[in-house]
Each structure stands twice: as C-alpha cells, then as structure tokens.
Amino acid sequence: MLDLKFVRGNPRVVQDALSRRGSKVTLSEFLRLDEQRREKLFVVEQMKNRRNVVSEEIGRLKKTGKDAPGMIVEMRDLSGQIKELDEEIRKLEEQLQGILLDIPNIPHDSVPLGDGAEDNPVVRVWGEPRKFLFDPKPHWDLGEALGILDFERGGKVTGARFSFYMGYGARLERAVISFMLDLHTTEHGYVEVFPPFMVNRDSMVGTGQLPKFAEDMFKIEGTDYYLIPTAEVPVTNLYRNEILDGEKLPVRHCAYSACFRAEAGAAGRDTRGLIRQHQFNKVELVKFTKPEESYEELDKLTRNAERVLQILGLPYRVVVLCTGDMGFSAAKTYDIEVWLPSYQDYKEISSCSNFSDFQARRAGIRYRNAKGKAELVHTLNGSGLAAGRTVAAILENCQESDGSVTIPEALRPYMGGMSRIG
RNA sequence: GGAGAGUUGGCCGAGUAGGUUGAAGGCGCUCGCCUGCUAAGCGAGUAUACGGGCAUAACCUGUAUCGAGGGUUCGAAUCCCUCACUCUCCGCCA
C-alpha cells in the first residue's frame with residue numbers, strides 16, 4: 001500500500017509508475033473521493049469539538065446543582081447529525097481503502113523498463129549447462145523410472161498437480177530442505193522459524209495477496225483461514241502491528257513451509273513433473289531492514305539464495321525483473337533461474353524482492369529509529385530455494401547414462417552417505 | 001466442547017455509584033545537571049493516526065484511539081450486547 005499523502009501530493013508520479021507497470025488503475029476517482037472525505041471530516045470534527053465543549057459545560061453545571069435542558073436537547077440533535085456524517089465518511093474511507101489496497105508498489109528507479117519476461121535483463125550467469133553424451137531424460141521420466149516420484153497416484157489420491165515422492169525421492173526432498181536451512185542458519189545468519197501453514201485474512205492483506213488475488217489461493221471453508229502460498233506470509237506477518245528495536249535490524253528469518261497455490265490461469269503450463277504443483281515445499285528467506293539499507297540487503301539475500309545452487313553445482317543465471325514483469329507488492333525483484341535440460345532453458349527457482357515500505361504499511365511493521373520515532377521498516381524476501389524445483393534440477397542435471405542420479409556432495413550427509421540413486 | 005478470569009501507552013501497572021484521565025505511579029528511553037570512572041541522585045521531556053493552519057519543515061490547533069465492533073447517554077476506559085485473543089480448571093486429543 002502506498003502512503004495516502006504521497007498519492008495525494010504526487011498523483012502524476014504515481015500514475016506514471018502505474019502505467020510503467022502496465023496497470024490500469026486511474027487516480028482521478030481516488031482523488032475526488034479523498035477530497036470529499038476531507039471536506040466532511042473537517043465539518044464533523046468541528047461538530048465534535050462543539051459537542052465536547054458543551055458536554056463539559058453541562059457536567060460543570062450539574063456539579064453545581066444546576067440543570068441545562070436546552071443544551072442537552074441541542075446536543076442530542078447534534079449527536080444525530082454527527083452520526084450520519086460519520087457514516088458517510090466511513091463509506092468514503094472504505095472506498096478509498098479499497099482503491100489504495102489495489103494500487104501496486106512503485107518500481108525502484110533502478111528497475112529497467114519493459115513489458116514482460118522477455119525484457120528482463122540478465123544480471124549474471126554462473127556455471128555452464130552440461131553437454132550430455134546421451135539423451136538426457138526429463139525429471140518426471142527419470143523419477144518414475146527410479147520409483148522415486150509418483151504423479152499418477154498423486155492424481156488419483158488428490159488431483160492434478162499433486163504428487164508423491166517415494167523412498168529415496170522423499171528422502172532427497174527432505175535432504176534438500178535440511179541442507180538449505182542449515183546453510184542459511186549457520187553461514188548466513190538467519191534465525192529459523194517454523195510457521196503455521198494457514199493464516200487469517202489480515203495476514204494475507206498484510207503481505208499483499210489479498211484483496212486482489214483471492215483466486216490464487218486456497219481458503220479453508222467455514223473459517224477465516226487460508227493455506228499459505230509461501231512462508232513469506234506468516235513470517236512477514238510475525239511482526240504485524242509491532243514496533244521493532246532499531247538496534248536489532250536487520251532481522252533475518254528463514255523458514256521451511258509447504259506452499260499451496262491454486263494456479264488459476266496457469267492451465268496448460270508446466271503440466272508435467274514437479275515444476276508447477278498445487279502443493280510444494282520451499283525454504284524462504286525474510287528480512288526486516290531500515291529503509292536506507294534495504295537495497296544492499298536485497299543484494300545479500302539474493303547471493304545467499306544463489307549460494308545454494310553454487311554448492312549443489314547447478315548452473316543458473318540471475319535476471320532483474322523489468323517494470324512490466326514485477327509482482328504487485330515488489331519495488332524490485334531478482335529472479336534466480338536454474339538450468340533445466342528438459343526445458344533447454346533457465347527456469348525460475350527463486351524470486352528475491354524488496355517490498356520497500358509497501359507491506360510494512362499494510363501490516364503496520366515499524367521500528368524505532370535513532371531519534372526514537374516509529375518508522376516503517378522495509379521488508380524483503382526470497383526463496384532459498386524452492387525444494388521441488390531443486391530436486392527436479394538435481395535429477396536432470398546430475399543424471400547418468402544408465403538412468404541413475406549422482407547425489408551432489410553436499411547432500412550426501414543428509415542421505416546417509418549415499419552417492420547415487422539407482 | 002463446558003466453566004471461570006483477563007485484554008489500558010515501548011514495558012509493568014492504577015483507574016467502575018459515567019463528567020478537564022491521552023490516561024496516576026513505576027520501569028525503560030532522550031536531553032541537561034551532578035560526579036575520578038561506573039553506579040546512584042536531581043531536573044525536563046518521552047504514543048499513534050487522521051484533519052486544519054503552514055512551505056508536503058518547525059510549530060500551533062482539532063478529532064479519534066484504554067482488545068475489535070455495535071448500543072445506552074448531553075457526555076463512556078468506566079454501563080449493556082456481540083466477537084476475537086490470552087490464562088486457569090474440566091472433557092477430548094497427536
């Protein structure tokens with residue numbers, strides 16, 4: 001959410017930013033409602049002031065044994081008017097809030113202009129895609145042949161885009177998660193959190209998933225609870241409506257969670273394998289920083305996520321999302337894309353964003369600055385990494401001509417010392 | 001699921017026969033004084049949001065906020081209703 005006063009004072013800047021993003025929101029209606037609200041607010045506050053003054057006077061008179069029937073009648077009438085005006089203002093504020101909640105964040109100045117994914121500049125490339133001397137298999141074929149992935153039964157038991165990991169497959173998924181958590185907690189200074197996998201509506205609004213993207217997630221019928229699409233939601237909302245100690249910033253958390261996404265509008269995309277499931281596992285990195293440090297921290301966070309791929313020896317590249325491809329809440333985003341032989345392309349495995357004060361304003365997350373003033377923090381997060389896609393990348397990039405898979409060195413301790421599957 | 005207790009400012013904690021209580025007191029914090037150093041002591045200050053004035057500063061001023069929402073009243077932290085959360089006991093349960 002943007003600052004109301006900023007939008008009011010800089011409508012051109014905001015409108016420009018919106019159009020750069022390809023957003024259709026127009027501000028004229030918003031500005032008109034805002035004007036109306038302030039006019040009514042001014043009137044009603046004057047009325048309330050009079051009520052306060054007169055009521056106090058009535059109290060004083062009663063104390064001295066006098067009565068004031070005229071004043072009481074007048075105030076009864078005034079209170080009725082106040083109630084009506086308050087209601088009108090409440091409705092205006094509801095409308096204003098609705099619009100404000102639907103306005104995306106303003107891209108940072110360093111974000112390149114562009115319309116979509118094809119305009120995202122590559123920032124850096126690490127490693128080199130392996131040249132296979134045989135015909136490499138996609139991970140879904142490999143996984144089924146090795147008996148470690150079962151997509152068919154996932155479909156039977158639940159439905160499309162659900163799957164079972166079996167035997168060493170299940171263990172590999174668990175190994176990847178443990179390895180990543182251990183790396184981030186011991187080498188990168190993140191404090192581990194194990195969050196709830198369901199959150200209430202306020203939390204979803206806090207990080208920007210609601211009200212705009214309700215169709216993207218699963219809601220638990222008969223409750224106010226939603227399945228989380230990422231651990232970003234519970235972990236960022238950990239400190240909702242709190243004031244953090246400025247000395248403790250940046251606060252860094254990492255969290256494993258299952259993630260649930262409806263994938264509305266993704267019909268026909270990535271239909272095979274682990275790439276796009278309704279439920280997947282992810283280790284998330286979340287940071288709360290001072291405003292002046294957030295872009296530096298975004299850089300570090302991105303490199304923390306990259307480190308996972310470097311240690312696993314998986315080739316990847318980093319792109320910066322252009323204005324037209326960024327998510328709703330982000331001010332700047334780097335995507336890390338891992339090489340997938342089956343796609344003959346790089347595929348997103350992590351998305352690292354700085355949300356500036358956009359989520360912090362929605363969620364009321366502040367810190368006390370050096371002057372003792374409460375100020376909004378900046379929030380950041382990134383996958384560190386998506387476990388399912390990491391397993392897919394390992395299977396495909398580390399496969400051998402006989403259909404077996406060599407386990408990356410760093411994961412072997414988590415696999416009981418095994419060096420290959422199959 | 002049943003019964004009871006609670007929810008006040010950064011923290012702790014007063015405040016119910018409704019009326020200068022945005023809210024005593026303490027702690028913490030900031031600034032100053034004092035002081036070989038530290039501690040202690042002394043003095044002052046210390047919420048947020050939204051309006052208006054004003055340069056979108058400082059500052060002045062108004063309104064709102066004592067878990068949330070609604071009601072009663074000229075007036076509610078104080079009375080009534082609904083909801084949420086926390087704690088205790090019972091039941092159930094991994």
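Quick caveat: nothing in here was measured; it's all calculated off a predicted structure. So that the names make sense, note that chain A is the first sequence line, chain B the second, and so on, each numbered from 1.
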In chain order, what residues pass the ring-ring contact (aromatic ring centres under 6.0 Å, His included) check against [X], with sequence neighbours excluded?
X      : answer
A:F280 : none
A:Y343 : none
A:F218 : A:H278

> Who are the salt bridge (Lys or Arg N to Asp or Glu O under 4.0 Å) partners of A:R420, not counting sequence neighbours?
Replying inline: A:D402

Separation of [X] atom [atom1] from [N] atom [atom2], in whole Å?
X      : N      : atom1 : atom2 : result
A:I58  : B:rU20 : CD1   : P     : 14 Å
A:R201 : B:rC83 : CZ    : C1'   : 17 Å
A:M75  : B:rG75 : CE    : P     : 9 Å
A:I82  : B:rC74 : CD1   : P     : 13 Å
A:L33  : B:rC50 : CG    : P     : 18 Å
A:E375 : B:rA47 : CD    : P     : 17 Å
A:E94  : B:rC50 : CD    : C1'   : 17 Å
A:E56  : B:rU21 : CD    : C1'   : 12 Å

> Taking atom types as modelled, is there a side-chain donor on A:S163 or A:Q277 under 3.5 Å from an acceptor on the other?
Replying inline: yes

Quantified in whole Å, what is the [atom1] atom distance between nucleotide [N] and nucleotide [M]?
N      : M      : atom1 : value
B:rG9  : B:rA24 : P     : 12 Å
B:rC54 : B:rG69 : P     : 33 Å
B:rC83 : B:rC93 : P     : 28 Å
B:rG67 : B:rG62 : C1'   : 27 Å
B:rA14 : B:rG22 : C1'   : 15 Å
B:rG15 : B:rU20 : C1'   : 16 Å
B:rC80 : B:rC85 : P     : 23 Å
B:rU65 : B:rA77 : P     : 7 Å

> Where each pair must be Watson-Crick or G-U wobble with both distances under 3.5 Å, what dot-bracket representation of RNA chain B is obtained, with crossing pairs in [ ] and other-strand partners as |?
Replying inline: ((((((((.[[[..)...(.....]]]((((((.......))))))(((((((.....))))))).[[[[[..)....]]]]])))))))....

> Given that A:I243 and A:K62 both sit by RNA chain B, which one's nearest nucleotide is further toward the 5' end?
Replying inline: A:I243

> When the nearest nucleotide of RNA chain B is assigned to A:V73 and to A:E93 on a heavy-atom basis, which residue is associated with the more 5' position?
Replying inline: A:E93

>> Measuring to OP1 and OP2 of B:rU73, would you say a side-chain N or O of A:S79 lies under 4.0 angstrom away?
In response: no

> Given B:rG71, is OP1 or OP2 found less than 4.0 Å from the side-chain N or O atoms of A:K83?
Replying inline: yes

> Where do A:F328 and A:F358 land on the ring-ring contact (aromatic ring centres under 6.0 Å, His included) test, with the steps shown first?
Replying inline: CA-CA 10 Å; A:F328 177 73; A:F358 189 85; 5.6 Å; yes

> With sequence neighbours left out, what residues match A:E56 under side-chain contact (heavy atoms from CB on, under 4.5 Å)?
Replying inline: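 Residues passing side-chain contact (heavy atoms from CB on, under 4.5 Å) with A:E56: A:R60.
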
> Which residues pass the side-chain hydrogen bond (donor to acceptor under 3.5 Å, both in side chains) test with A:T223, sequence neighbours left out?
Replying inline: none

> If the sugar-phosphate is the primed atoms plus P, OP1 and OP2 and the base is the rest, what is the B/S/- string for nucleotides 51-69 of chain B, using protein heavy atoms under 4.0 Å?
Replying inline: BS---------BBS-----

> Looking at A:I421, A:V338, A:L411, which hits side chain to side chain contact (heavy atoms under 4.5 Å, CB included) with A:I394?
Replying inline: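 When A:I421, A:V338, A:L411 are each tested with A:I394, the side chain to side chain contact (heavy atoms under 4.5 Å, CB included) holds only for A:L411.
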
>> Does A:H378 form a ring-ring contact (aromatic ring centres under 6.0 Å, His included) with A:F355? I'd like the steps, not just the answer.
In response: CA-CA 7 Å; A:H378 279 194; A:F355 300 92; over 10 Å; no

Can you give the donor-acceptor pairs under 3.5 Å from side chains of residues 29-36 of chain A to other protein atoms, not counting sequence neighbours?
{"unit_1": "A:E29", "atom_1": "OE1", "unit_2": "A:R32", "atom_2": "NH2", "d": "3.2"}
{"unit_1": "A:D34", "atom_1": "OD1", "unit_2": "A:R8", "atom_2": "NH2", "d": "3.0"}
{"unit_1": "A:D34", "atom_1": "OD2", "unit_2": "A:R8", "atom_2": "NE", "d": "2.6"}
{"unit_1": "A:D34", "atom_1": "OD2", "unit_2": "A:R38", "atom_2": "NH2", "d": "3.4"}

>> What's the closest nucleotide to the side chain of A:R366 if the choices are B:rC74, B:rU48, B:rU72?
In response: B:rU48

